[in-house]
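Shown next, in structure tokens, is the structure this report addresses.
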Amino acid sequence: MASDGFTTCLWFDGQAEEAAHFYVSVFKNSSIGKIARYPEGAPQPAGGVMTVEFTANGHKFLGLNGGPQFKFTEAVSFVITCENQEEIDYYWARLTENGGEPGPCGWLKDRYGVSWQVIPDRLDDMITDPDPAKAARVTEAFMAMSKFDIATLEKAYAGE
């Protein structure tokens, strides 16, 4: 097995290159790599983008223009762990712009239908706290949220 990790393949219906450029614009440490085009006689129009390699936040992706057969679902999502409310607000705004949809508990779908969860980095510590009352208060608070609000979660954690 290759020693440099995994590459996530995202199946699009004609928007792979557009999506790759979008993700590269949203995340730091990102770039566009090789682009392969469909040859004559392929199941898609010759010259159209078949695949686009890109890196988003250091993670390798391959965007594939495979056609309309498959759609994204919430069964797979990417988690963005944020240090502060400013980061949460940034990713939430960018990923829901131009047709994205907010969802419950920090989840959203971007304009391409890819699911993301934008969470504060302290969330895991809060919901796994050895004090079950603290964990329950935080869980109850975030279950009522769409976009996470760190101040509200901290107050719930503190019992305020």
Please tabulate, for the side chains in residues 95-103, all donor-acceptor contacts under 3.5 angstrom to protein atoms that are two or more places apart in sequence or on a different chain.
unit_1, atom_1, unit_2, atom_2, d
T96, OG1, W92, O, 2.6
E97, OE2, R94, NE, 3.2
E97, OE2, R111, NH2, 3.3

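The main-chain N or O of E18 is never found under 3.5 Å from a side-chain atom of Y23 such that the two would form a donor-acceptor pair. In terms of modelled atom types and a separation under 3.5 Å, the side chain of D149 and the main chain of A151 share a donor-acceptor contact. Between the side chain of E87 and the main chain of E83, a donor-acceptor pair closer than 3.5 Å is present. The main-chain N or O of K109 is never found under 3.5 Å from a side-chain atom of S115 such that the two would form a donor-acceptor pair. When atom types are taken as modelled, the side chain of N65 and the backbone of V49 share a donor-acceptor pair closer than 3.5 angstrom. Panel note: side chain Q117, backbone S77; no donor-acceptor pair is recorded below 3.5 Å. Between the side chain of Q85 and the backbone N or O of I150 there is at least one donor-acceptor pair closer than 3.5 Å.
For the atom pair CD of E53 and OG1 of T7, the computed distance is 7.5 Å after rounding to the nearest 0.5 Å. Rounded to the nearest 0.5 Å, atoms CZ (F148) and CG (D89) are 13.0 Å apart. One distance of note links SG of C82 with OH of Y90; it measures 10.5 Å at 0.5 Å rounding. Summarising the geometry, atom CG belonging to D124 is positioned 11.0 Å from atom CG belonging to D129; distances are rounded to the nearest 0.5 Å. Distance check, rounded to the nearest 0.5 Å: CG of L123 to CG of L153 gives 6.5 Å. Considering CG of D125 and OH of Y157, their distance stands at 7.5 Å, rounded to 0.5 Å.
Aromatic rings from W116 and F27 are positioned such that their centres are separated by under 6.0 Å. Within the 6.0 Å centre-distance limit, the rings of F78 and F61 are counted as a close aromatic pair.
Nearest heavy atoms, A156 versus A141: CB-CB, 3.8 Å. Scanning all heavy atoms of the two residues, the minimum distance from T55 to V24 falls at O-CG2, 3.8 Å. The minimum heavy-atom distance between F72 and W11, with the atom names listed, is CZ-O, 3.2 Å.
Each of V114 and L62 belongs to its own hydrophobic cluster when Ile, Leu, Val, Met, Phe, Trp and Tyr are linked at side-chain heavy-atom distances under 4.5 angstrom. Hydrophobic clustering places I32 together with V26 (ILVMFWY residues linked when any side-chain heavy atoms are closer than 4.5 Å, directly or through intermediates). The hydrophobic cluster containing I127 also contains M143, counting ILVMFWY residues as joined when their side-chain heavy atoms lie under 4.5 angstrom apart, directly or transitively. Placement of F70 and L10 in two distinct hydrophobic clusters is found when ILVMFWY residues are connected by side-chain heavy-atom separations under 4.5 Å, directly or transitively.
Using cut-offs of 30° and 60° on the angle between ring planes, the pair F12 and Y112 is perpendicular.
In this structure the side chain of V118 never reaches within 4.5 angstrom of the side chain of K147, judged on heavy atoms. Between I119 and V79 the shortest side-chain heavy-atom distance falls below 4.5 Å.
Atom CD of Q69 has more than 12 neighbouring heavy atoms from other residues, nucleotides or ligands inside a 6.0 Å radius. Other residues, nucleotides and ligands contribute over 12 non-hydrogen atoms within 6.0 Å of the CD atom of E160.
The hydrophobic cluster around W107 extends to none of the other residues, as no ILVMFWY side-chain heavy atom falls under 4.5 Å of it.
Counting only residues at least two apart or in different chains, salt bridge (charged side-chain N to carboxylate O under 4.0 Å, His left out) contacts with residues 23-36 are absent.
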Working for side chain to side chain contact (heavy atoms under 4.5 Å, CB included), residues T8 and K60 | CA-CA 6 Å; T8 301; K60 296 182 299 182; over 6 Å; no
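Figure legend: cation-pi geometry between R137 and F142 absent, as NZ or CZ is not positioned both under 6.0 Å from the six-membered ring centre and within 45° of its axis.
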